[in-house]
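Read the structure below first, then the notes.
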Amino acid sequence: MSANLASLLVRSAHAWPARPALARGERTLHSYAQLAARVSKLAAGLARRLAPDDRVALVMKNCPQYVEALFACWHAGLCAVPVNAKLHTKELEYILAHSGARLAFATADLVDAIAPLQGPAARLTEVVDVESARYGELGAGAPMPMAARRADDPAWLFYTSGTTGRPKGVTLTHRNVMAATLAYFSDVDAIAPGDAIIHAAPMSHGSGFYILPHIAHAGLNVVPESGGFDAAEIYALLRAHRGVSMFAAPTMVKRLVDFPRDADSSNLKTIVYGGGPMYVADCKAAMARFGYKLAQIYGQGESPMTITAMSKAIHADIGNPRYEQRLASVGQGFTGVEVIVADSSDRPLPAGETGEILVRGDPVMRGYWENAEASAETLRGGWLHTGDVGCLDEDGFLSLKDRSKGVIISGGSNIYPREVEEVLLRHPRVSEVSVVGQSDPQWDEAVVAFIVARGEPPAAEELDALCLENIARFKRPKRYVPLDSLPKNSTGKVLKTELRKLLAGADSIGAER
Ligand code: AMP
């Protein structure tokens, strides 16, 4: 098997040329033969402009061209940089500069944000609007044969927010992404030709990794017309396609469950949930509605979608004496992936004891792009240090307890408190700030900022404006809580656990959203 991920498409196009490969909503756009031809021509267009290993940014909301652009990058021997479309312009700028992207594909809504970054003197030489004639021209020439790739060549730079407030580029090689693809078949689900996946979650993130197993087994990649998550649209798509899977954050699952009961979901095959904690009651409600069609994964950009999994069969094993405990867990380590819980010296802890979750195996990233220090720190001793805290039971089922890096997961998106804190500290009347997550029925967690002011606390509108100028909208706090001082330990570290205890009783500055 070729190390190049693009081989998955070439192979399926040979075996299943007439099968539908790509759809927008209910409408099939291309068969496997057509998709493979479009990809090899687009790859040729890229290869005429760029050199092997160059980075190509995908600054796109979900759209069918995502699949083409991703595979064209690999077919041409280039590295894709899928960027979260919800980020602020300043964050996009940072990622484009840091990755050294030479070309960017963008959806029309995002072209204006990044167009000023291109130029003869800039590293970024061209921004291609995927809805324009230019995109068609790029893929109009002769096709090219697939470029040779080594397994350790970078395939996907996955930018993740960091504890330092600056995004870090997780460097995923062809080996890493191939391992994550095969792990889907071994531990999540089978896919037959003609089965479909609906990409309602961001393709720059979780859902994007599930394009690959569906290409590998000649499934149909369906991009909703809306390019996002809309429960009514999902139910409509479930009537149009069969053998349907989707990746969904717990909030999305909840919205599907809350949708009027008469909506038909018989064509649903599997919902893979993950990316944030799912409560047992919500999981049971989803199974009561859909049957045993739920599977769970726990992963992170550094080991994409592949740390632990809980199959549909485990979800259906209701007679198991440890059933409740299992449902509350994130499942067992993926086949071929080692998962341990370790103490602060990286020594494995026995079952039942809580420590940091460490991971080793083929899906684990090569390191962070141009950040040797963070790579060495996170991969020390050959283990990925996830920053998640958990414990294993006697059967190897992992339960997550906390996130040592304090990340907040709101509506399926990760928010690092530090990024928000740094922005709020720019206000002249903010002397200290600490950001925590508060449980929220709609978003799982909501961002709350505790503010120690110099004199009169600033108005919530001023703080909001500061956030909107600097960071993505979804990271803006839902609540600002004034305090005289932050609770700290003897070394001056802010005690976030104490802050969380204050959440229920505290008054906010201005209105809460
Ligand atoms: P990201 O790198 O953006 O994919 O975020 C990964 C983080 O999301 C992990 O480190 C966990 O803290 C959290 N996470 C992922 N999957 C799950 C899950 N199934 N249950 C609870 N938290 C999860």
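Numbering of ligands and ligand atoms starts at 1, following listing order.
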Which atoms of ligand 1 are found less than 4.0 Å from any heavy atom of [X]?
X    : answer
G274 : 19 (N)
I409 : 8 (O), 13 (C)
H205 : 1 (P), 3 (O), 4 (O)

Just checking, is any N or O donor in the side chain of H174 or D152 under 3.5 Å from an acceptor N or O on the other one?
no

Quick one: do the N4 and S7 side chains pair a donor with an acceptor below 3.5 Å?
no

Considering distance alone, does some N or O of [X] sit under 3.5 Å from an N or O of ligand 1?
X    : answer
Q296 : yes
Q300 : yes
V330 : no
V407 : no
G301 : yes

Here's a test for you: under side chain to side chain contact (heavy atoms under 4.5 Å, CB included), which of L220, T181, I191 qualifies with H214?
I191

Please determine whether any non-hydrogen atom of I297 lies less than 4.0 Å from an atom of ligand 1.
yes

Examine ligand 1 and decide if any of its atoms is less than 4.0 Å from a heavy atom belonging to N414.
yes

Ion pair K496/E421, N-O distance below 4.0 Å:
yes

Can E93 and K90 be counted as an ion pair, charged N to O under 4.0 angstrom?
no

Around atom 20 (N) of ligand 1, find the nearest protein heavy atom and jot down its residue, atom name and distance.
G276 O, 3.2 Å

Nearest-contact summary for atom 16 (N) of ligand 1 - protein heavy atom, Å:
G275 N, 3.0 Å

Got a donor-acceptor contact below 3.5 angstrom from the N320 side chain to the R322 backbone?
yes

Distance-only, no hydrogens or angles: does the E233 side chain make a donor-acceptor pair with backbone N or O of S226 under 3.5 Å?
yes

Shortest reach to atom 10 (O) of ligand 1 by a heavy atom, considering only I415, L400, D388
D388

Tell me whether the count of non-hydrogen atoms from other residues, nucleotides or ligands lying under 6.0 Å of CH2 in W383 goes above 12.
yes

OG of S311 to CG of D187: how many Å apart, nearest 0.5 Å?
8.0 Å

